[in-house]
Protein chains: 2
Amino acid sequence: MISGKFAITIHILTLLHKFPNDYLSSEFIAGSINLNPVLVRKEIANLKAHHIVESKEGKNGGTKLAVNAAELTLKQIFEMTFETIGLGFAKNQPNPDCPVGKNINQHLENLYSEMNQKVSAQLEGISLEDFSNQF
Amino acid sequence: MISGKFAITIHILTLLHKFPNDYLSSEFIAGSINLNPVLVRKEIANLKAHHIVESKEGKNGGTKLAVNAAELTLKQIFEMTFETIGLGFAKNQPNPDCPVGKNINQHLENLYSEMNQKVSAQLEGISLEDFSNQF
DNA sequence: TCATACTGTAATAAAATATGTTACAAATTT
DNA sequence: AAATTTGTAACATATTTTATTACAGTATGA
């Protein structure tokens, strides 16, 4: 299910790309997104775990892109933010005694899986640089 | 954002397709989905508004498919359940004084719009009959 | 070396959304 | 008339998302 994480992460990365020489603080970034700085830091933690950005603690610290924006695709960001098109139905526990109920989740998952593949294929063709250069 | 409505509606329609000669009660359908009958009736109300099903009140009442399952596409169901891949970020109000914040929603919307087109194109090729015949 | 300004992270709270329940009028069948 | 079902509103609960507070740890530079 697509949540705000994808949008937030793209926003963060776009800013980092626009200021390639600076360590941007979570407060500055949060000011652009209009979001709580702690949430920004959480997304940055995720980006760090994937070695997409590096950050520096302490005074004048902040975060900086650690990869080539031309080589980072939106597909990677999509996957990195744990996004999938999914059941979106938290408590999907159909009746196993019903021939339809018994199998529907499998068929829905197959369907969603194909949807994800289509979306991924599209996002693979767009780099962070492409996205950022629209601005 | 994809929610349970899409899954629930497909489930309902698959059942209706499997029992083309019966008026199925919301209770029966709810039993297969393992969902509250009122929620089933709500989705059916939506289907009725789109003339996809017809229902009969009163004793032995219920709901029945009103269209040819071969001609009803999952794309129609997708749209009918108000599904879109969207921002998923309820309070996305970036800072208008920031060059990135000012424009990001437009660019994200364009991106999501393309994603929806890909998904729609895929779902257009799958009929309810196709889906139901997998079972 | 000390004040300052950051990150990192946990704990908690609030808000938004999704799902579930109860209740009952209206409709139709037997 | 009794039984069963839809239709719908009003309300309740659960889940997920977003926000806040708090503070330890780290680097900078005056």
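Note that this is a predicted model, so its numbers are computed, not measured. Residue numbers begin at 1 in each chain, while the letters A, B, ... track the order of the sequences.
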Could you state the atom-to-atom distance from [atom1] of [X] to [atom2] of [N] in whole Å?
X       : N      : atom1 : atom2 : answer
A:Tyr23 : C:dT7  : OH    : P     : 12 Å
B:Phe28 : D:dT4  : CZ    : C1'   : 17 Å
B:Asn36 : D:dT13 : CG    : P     : 14 Å
A:Leu35 : C:dA14 : CG    : P     : 19 Å
A:Lys48 : C:dC6  : NZ    : C1'   : 12 Å
B:Ile44 : D:dG7  : CD1   : P     : 7 Å
A:Ile29 : C:dT7  : CD1   : C1'   : 12 Å
B:Leu24 : D:dT4  : CG    : C1'   : 15 Å

Problem set entry | Euclidean distance, B:Ile44 CD1 relative to B:Leu13 CG, rounded to 0.5 Å | 9.0 Å

Problem set entry | Polar contact flag, side-chain donor to acceptor under 3.5 angstrom, A:Asn105-A:Glu109 | no

Problem set entry | Results of side chain to side chain donor-acceptor pair (under 3.5 Å) for A:Asp22 - residues two or more places apart only |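 Side chain to side chain donor-acceptor pair (under 3.5 Å) check on A:Asp22 returns nothing, list empty.
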
Exercise. Going 5' to 3' along nucleotides 22-30 of chain D, which nucleotides have protein heavy atoms under 4.0 Å from the base (write B), which only from the sugar-phosphate (write S), and which from neither (write -)?
Worked result: B--BBBB--

Problem set entry | Parallel, tilted or perpendicular, as decided by the 30° and 60° cut-offs, for the rings of A:His107 and B:Phe135 |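 The arrangement is perpendicular - the two ring planes meet at more than 60°.
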
Exercise. From C:dG20, C:dG8, D:dT5, pick the nucleotide closest to the side chain of B:Ser25?
Worked result: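 It is D:dT5.
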
For this session: Look at all strands and tell whether A:Thr63 reaches a base, only sugar-phosphate, or nothing, counting heavy atoms closer than 4.0 Å.
Result: nothing

For this session: Would you tell me if any nitrogen or oxygen in the side chain of B:Ser55 comes within less than 4.0 Å of OP1 or OP2 on D:dG7?
Result: yes

With a cut-off of 3.5 Å and sequence neighbours excluded, list every side-chain donor-acceptor pair involving residues 54-67 of chain A.
residue	atom	partner	partner atom	Å
A:Glu54	OE2	A:Tyr23	OH	3.1

Exercise. Has A:Lys118 got more than 12 heavy atoms of other residues, nucleotides or ligands less than 6.0 Å from its NZ?
Worked result: no

